[in-house]
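These numbers come from the heavy atoms of this one structure, side chains and all, not from hydrogens, waters or symmetry mates.
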Amino acid sequence: MSRSSNATPPGAEPKLGTPFNVLGTGDLDIPGIPGRQNFWLASNGICSAKEDGDYFGARWDGNKGPFNSTLNGHDYTFGSGANHSCPNTVANPRGEINNEYSPTGYSYYVDVPPPKVAGGTVTIKIYDATFRNTSYNDFHSNYPADNAPWMDTAYYVYKTSGTPDDPTNDVRVAARIVNRNDTRLGADQNWMDLYTAPYGEIQAGAQYRVQIVMVNFLDNETNHFHGGNSYAIGAIRSSGTMGCDSRSPTEKDCPRVSGLHAESVFTNLNGSPGSTIDFYFAEVDTSYIGRTFNAYLWDPGEGVQQIQLVGPDGTPLPFDWDAYPSTGDTGTGVTSIQTDVSGPQPGAAGTRTNDYKFNDRLVTLHVTLPPSYANMVTAAGGDKWLRIRYTIGTQTHDRTTWGASVGGGNSGPPHLTRP
């Protein structure tokens, strides 16, 4: 005897990203895109501390100096020149193991509608794919790597079977491992081709997964692979402008690039202290009205005065919030989180490198969309994209990881779903 049934969820899982065919393009001006995105996608090497902002890419935490540490029964002194101490073995660590570490890196999804033109193709590209040991003051899409050796970055493209939550049946169609000398691919501050999807493969629509993994040079942990690589993903049509907006009624063939559950970013805050800047975060349908979802912000907002979550028309949304580990304060029914960083703050982690209270913490916004959300969507012309709004403070950059999930209460430690 057997029984079977089908079930349809009441609303689609929120997709992280933007409504465009490019994601994480920072301060680039893309033809066909209205304005700049103001953040890059980013990945850190395994010897970066988790408190540096990469929730899944750092294998360790508490390994950043200069400070004295007695972690795991060992006494280590990190001098002024040893900004990161990378453990040599798991058995004898110079820091704490990051239980959220994912050796498979981050995955981003490219949804390709049927092309409007017979024979049309879509090329998946990476902007500034290579890692460089430089300061972000010199190159806008990388940030300080101190004295880290070079790292390679692996980019893989898979064709999915329309089941993004189950990658076991994905088929790899392209792979590129890029190092600092890979100028032949145009990988340095240019768009590098990863894979061109032929018309026959996308004529009825298709979905691809782009997996990005930092590969440590020499493939060991005896050196300080603690730098970060910033980049962008694009899905470029063979006809039309380079950029496109999927919300436009004339751009129904516009591909979408999004993160499932999590995206790792490096914000680029162009503005004066006190001004605001918005980042596209997630598309949330009106079917979510009355339902709860969680917005996760890892190690957010250093140098930022205030963080808000705003609706499609720019109206701040109410939420409850908490932090894990606890900072000793929470919020209920608020529309902003104050993130003043002047001086030591209550709840700051004593074994970390600064006194910012959200350093090395996961801040969770528990959002229940109000009935007025329908009016916000109408006022925005049908736009259903939520945005994160920073009020700029003392810094121009913030390395962080964002995520979203459906449901869940306000108790217990939240955990980002693995990308």
Just distance, no hydrogens or angles: give the donor-acceptor pairs under 3.5 Å from side chains in residues 367-375, sequence neighbours left out.
from, atom 1, to, atom 2, distance (Å)
Thr368, OG1, Thr292, OG1, 2.8
Tyr373, OH, Val284, O, 2.7
Tyr373, OH, Lys384, O, 3.3

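In this structure, the side chain of Gln211 engages the main chain of Thr104 through a donor-acceptor pair within 3.5 Å. Between the side chain of Asp360 and the backbone N or O of Glu51 there is at least one donor-acceptor pair closer than 3.5 Å. In terms of modelled atom types and a separation under 3.5 Å, the side chain of Ser248 and the main chain of Thr250 share a donor-acceptor contact. Side chain of Gln305 to backbone of Ile392: a donor-acceptor contact under 3.5 angstrom is found. Side-chain N or O atoms of Gln37 include one that pairs as donor or acceptor with a backbone N or O of Gly24 at under 3.5 Å. Counting only distance, with no hydrogens or angles, the side chain of Lys252 and the backbone of Pro113 share no donor-acceptor pair below 3.5 Å. With hydrogens and angles disregarded, no donor-acceptor distance shorter than 3.5 Å links the side chain of Ser102 to the backbone of Phe56. Not one N or O on the side chain of Arg237 forms a donor-acceptor pair closer than 3.5 Å with the backbone of Pro255. A donor-acceptor contact shorter than 3.5 Å links the side chain of Asn229 to the backbone of Ala129. The backbone N or O of Ile233 sits nowhere less than 3.5 Å from a side-chain atom of Tyr108 that would complete a donor-acceptor pair.
Annotation: the span from Asp166 atom CG to Ser161 atom OG amounts to 8.5 Å, rounded to 0.5 Å. The CG atom of Asp322 sits 7.0 Å away from atom OG1 of Thr330, with the distance rounded to the nearest 0.5 Å. Atom OG1 of Thr267 sits about 10.0 Å away from atom CZ of Phe39, to the nearest 0.5 Å. Atom CD1 of Ile388 sits about 5.0 Å away from atom CG of Leu297, to the nearest 0.5 Å. The structure places CG of Asn268 at 7.5 Å from CD1 of Ile277, a figure rounded to the nearest 0.5 Å. The CZ atom of Arg361 sits 8.5 Å away from the CH2 atom of Trp298 when rounded to the nearest 0.5 Å.
Nearest approach of Thr335 to Pro316, heavy atoms of both residues: CB-CB, 4.0 Å. When every heavy atom of Leu386 is checked against every heavy atom of Pro312, the shortest pair comes out as CD2-CD, 4.2 Å. In this structure, Phe319 and Ser336 approach most closely via the heavy-atom pair CZ-N, 3.8 Å. Here the shortest heavy-atom pairing between Asp54 and Gly57 reads OD1-N, 2.6 Å. Minimum heavy-atom separation, Phe358 to Ala323: CE2-CB, 4.3 Å. Ser48 and Asp52 make their closest contact through CB-OD2, 3.9 Å (heavy atoms, listed as atom of the first residue, atom of the second, distance).
Using cut-offs of 30° and 60° on the angle between ring planes, the pair Tyr195 and Tyr208 is tilted.
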Give the intermediate values and the outcome of ring-ring contact (aromatic ring centres under 6.0 Å, His included) for residues Phe20 and Tyr280.
-> CA-CA 10 Å; Phe20 311 116; Tyr280 281 99; 5.5 Å; yes
Chi angles and distances behind the side-chain contact (heavy atoms from CB on, under 4.5 Å) call for Ile124, Val257 | CA-CA 10 Å; Ile124 298 174; Val257 184; over 6 Å; no
Assess whether side chain to side chain donor-acceptor pair (under 3.5 Å) is satisfied between Tyr231 and Ser43, documenting all intermediate values.
-> CA-CA 9 Å; Tyr231 44 83; Ser43 296; 2.6 Å; yes
Intermediate values then yes/no, side-chain contact (heavy atoms from CB on, under 4.5 Å), His397 and Phe266 = CA-CA 7 Å; His397 300 279; Phe266 178 51; 3.4 Å; yes
Run the side-chain contact (heavy atoms from CB on, under 4.5 Å) check on Leu41 and Glu263 step by step: do they pass?
-> CA-CA 7 Å; Leu41 297 178; Glu263 61 180 353; 4.3 Å; yes
Does the pair Asp398 and Thr400 meet the rule for a side chain to side chain donor-acceptor pair (under 3.5 Å), with working shown?
-> CA-CA 6 Å; Asp398 182 29; Thr400 182; 4.7 Å; no
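You'll find the side chain of Thr276 stays beyond 4.5 Å of the side chain of Tyr390, heavy atoms only. You'll find the side chain of Arg176 stays beyond 4.5 Å of the side chain of Ile126, heavy atoms only. With contacts defined as side-chain heavy-atom distances shorter than 4.5 Å, the pair Ile33/Asn21 qualifies. Using a 4.5 Å heavy-atom cutoff, the side chains of Tyr55 and Tyr296 are not in contact. Side-chain contact between Val210 and Tyr156 is absent, with no heavy-atom pair separated by less than 4.5 Å. Side-chain contact between Leu28 and Trp40: present, with at least one pair of heavy atoms (C-beta onward) separated by less than 4.5 Å. Two residues are said to be in side-chain contact when any heavy atoms from C-beta on lie closer than 4.5 Å; Thr339 and Pro300 fail this criterion. The shortest side-chain heavy-atom distance between Asp299 and Asn359 falls under the 4.5 Å cut-off.
Of the candidates Arg36, Arg389, Arg387, Arg389 is the only one forming a salt bridge (charged side-chain N to carboxylate O under 4.0 Å, His left out) with Asp278. Just one of Thr364, Asp329, Thr332 meets the side chain to side chain contact (heavy atoms under 4.5 Å, CB included) condition when paired with Trp321; it is Asp329. Partner of Lys50 under the side chain to side chain donor-acceptor pair (under 3.5 Å) criterion, chosen from Asn98, Asp61, Asn99: Asn98.
For the pair Arg209 and Tyr158, the cation-pi criterion (under 6.0 Å, within 45° of the ring axis) is fulfilled.
A side-chain donor from one of Arg399 and Ser264 sits under 3.5 Å from a side-chain acceptor of the other.
Salt bridge Arg247/Glu283: absent, no basic N to carboxylate O contact under 4.0 Å.
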